[in-house]
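Any value given below was found using the heavy atoms of this structure, including those in side chains, with hydrogens, waters and symmetry copies removed.
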Amino acid sequence: MFAAERRQLILEMVRANGAVSLRELARVVQTSEVTVRRDVRALEAEGLLDRRHGGAVLPGGFTRESGYPQKAHVATAEKTAIADLAAGLVQEGEAIVVGAGTTTQELARRLARVPGLTVVTNSLLVAQALAHANRVEVVMTGGTLRGTNYALVGSGAEQSLQGLRVSRAFLSGAGLTAERGLSTSNMLSASVDRALVQAAGEVVVLADHTKLGADTMFQTVPTDLITHLVTDDPSAADDRAATELQALADRGVQVAVAPAGPSGVEAGPGRRRDLPVPGQRRQALQHGARVADFAPRR
């Protein structure tokens, strides 16, 4: 593929998705991340996109939200591995809330096997994934349907969550930074996510590597309210994503890294990698972390 063809394809992917990692771009255009990085620099020089934390985003500083069809085809293997790991946090008989998103949809498919579970959600995709789970009770919020992500939003959704108390909230979003925490590009979605957080004792964020370092318009969960982050392993060349994970760990977020092979299958037994975090608040990025590794933050 010639350079002009590669760059046009890269530009189309970024326009369709708002933000795409170098890893994903390299996979689609079938070349190395070094070559893709050079292409991204050339496109940035023309003002067509911006480089951001190991990837490319639309110009203008903030990434925009893409619709479900685009999100469903981004980092699919990584989302599968994240969902596998996050499902280990859920115990029989628990009551949890699960927000909207393609990663939380993957999580819901695994929760169908947890007996006695109660899941409160504003996501039609999450509810659909649990529709035939006989041992799981699904409670949906009210609200107005937002078709781009098949979620219920608005005052009806927020009011239905008032007075609710559950053990954990599982949320995704459009961006995650140590400075601002989890964020999204839509005001209505952000308001419902905040209501979900208020209902939960702990907050678990599910974010693949394409979200790390991305900054979007509306903050949903500040960093100091995030108990756990479940993510995938950033590319070895993506130093900025690794730096972002380190910064989140420094802020007290317990980080677990789900290993994934090319097909999204977990890459064998868990391997631990400790981060050089100074002081007593040292955290570990854990490959294949177990439920026991997610000790509640005090």
Exercise for the section: Show your reasoning for whether side-chain contact (heavy atoms from CB on, under 4.5 Å) applies to V98 and V120. Expected result: CA-CA 6 Å; V98 180; V120 181; over 6 Å; no
Exercise for the section: Write down the atom of L43, the atom of R7, and the distance for their closest heavy-atom approach. Expected result: CD1-O, 3.6 Å
Exercise for the section: Check T103, D84, V204, V255 against V230 for a side chain to side chain contact (heavy atoms under 4.5 Å, CB included) and give me the one that passes. Expected result: V204
Exercise for the section: Determine whether L161 and N122 make a side-chain contact, defined as any pair of heavy atoms from C-beta on separated by less than 4.5 Å. Expected result: no
Practice task
Run the numbers on Q254 and L229 for side-chain contact (heavy atoms from CB on, under 4.5 Å), then give the verdict.
Solution key: CA-CA 6 Å; Q254 298 185 46; L229 166 63; over 6 Å; no
Exercise for the section: Can you see which heavy atom on A100 is nearest to which on A151, and at what distance? Expected result: CB-CB, 3.7 Å
Problem - D208 CG to T80 OG1 distance, which is reported to the nearest 0.5 Å - result: 10.5 Å
Exercise for the section: Go through the side-chain N and O atoms of S183 and Q219 and say whether any donor and acceptor fall under 3.5 Å apart. Expected result: no
Exercise for the section: Write down the atom of T216, the atom of A174, and the distance for their closest heavy-atom approach. Expected result: CG2-CB, 3.7 Å
Problem - E94 versus S167, closest heavy-atom pair with distance - result: OE2-OG, 2.6 Å
Practice task
Give a yes or no answer on whether the side chain of S172 reaches the backbone of A207 with a donor-acceptor pair at less than 3.5 Å.
Solution key: no
Problem - salt_bridge(D224, R251) N-O dist < 4.0 Å - result: no
Exercise for the section: Taking the side chain as every heavy atom from C-beta outward, state whether V97 and T121 have any pair of such atoms under 4.5 Å apart. Expected result: no
Handout entry: Any donor-acceptor pair under 3.5 Å from E78 side chain to H209 backbone
Key = no
Practice task
Inspect the surroundings of CD in Q30 and state if more than 12 heavy atoms from other residues, nucleotides or ligands are less than 6.0 Å away.
Solution key: no
Handout entry: All salt bridge (charged side-chain N to carboxylate O under 4.0 Å, His left out) counterparts of E137, not counting sequence neighbours
Key = none
Problem - Note, E179 side chain near T223 side chain (heavy atom, < 4.5 Å) - result: no
Practice task
Supply the atom-to-atom distance S189 OG to N149 CG, rounded to the nearest 0.5 angstrom.
Solution key: 5.0 Å
Exercise for the section: Would you mind reporting whether V114 and Q91 have side-chain heavy atoms less than 4.5 Å apart? Expected result: no
Completion exercise
CG of L152 to OG of S123, rounded to nearest 0.5 Å, is 8.5 Å
Handout entry: Any side-chain heavy-atom pair of T243 and L245 under 4.5 Å
Key = no
Practice task
Determine yes or no for a side-chain-to-main-chain donor-acceptor pair under 3.5 angstrom, with Q8 supplying the side chain and E5 the backbone.
Solution key: no
Fill in the blank from the handout: Between A129 and Q105 the two heavy atoms that sit nearest each other are CB-O, 4.2 Å
Handout entry: Sub-4.5 Å side-chain heavy-atom contact between T31 and R6
Key = yes
Exercise for the section: Determine, stepwise, if the pair V139 / V119 fulfils side-chain contact (heavy atoms from CB on, under 4.5 Å). Expected result: CA-CA 6 Å; V139 179; V119 177; over 6 Å; no
Practice task
Evaluate the side-chain proximity of M217 to S185: yes if any heavy-atom separation is below 4.5 Å, no if none is.
Solution key: no
Problem - Any side-chain heavy-atom pair of R168 and V203 under 4.5 Å - result: no
Practice task
Look only at the side chain of T220 and the backbone of D193, and say whether a donor-acceptor pair between them is shorter than 3.5 Å.
Solution key: no
Exercise for the section: Rounded to the nearest 0.5 Å, what's the gap from CG on L225 to CG on L171? Could you check? Expected result: 11.0 Å
Practice task
Applying side-chain contact (heavy atoms from CB on, under 4.5 Å), run through E244 and T177 and close with a yes or a no.
Solution key: CA-CA 7 Å; E244 198 71 54; T177 66; 3.7 Å; yes
Problem - Minimum heavy-atom distance V192-A157, with the two atoms named - result: CG2-CB, 4.0 Å
Problem - Salt bridge present between R109 and E106 (N-O < 4.0 angstrom) - result: yes
Fill in the blank from the handout: dist L248:CG -> L176:CG (nearest 0.5 Å) comes out at 5.0 Å
Handout entry: Gap separating the CG atom of L196 from the CD1 atom of I96, nearest 0.5 angstrom
Key = 11.5 Å
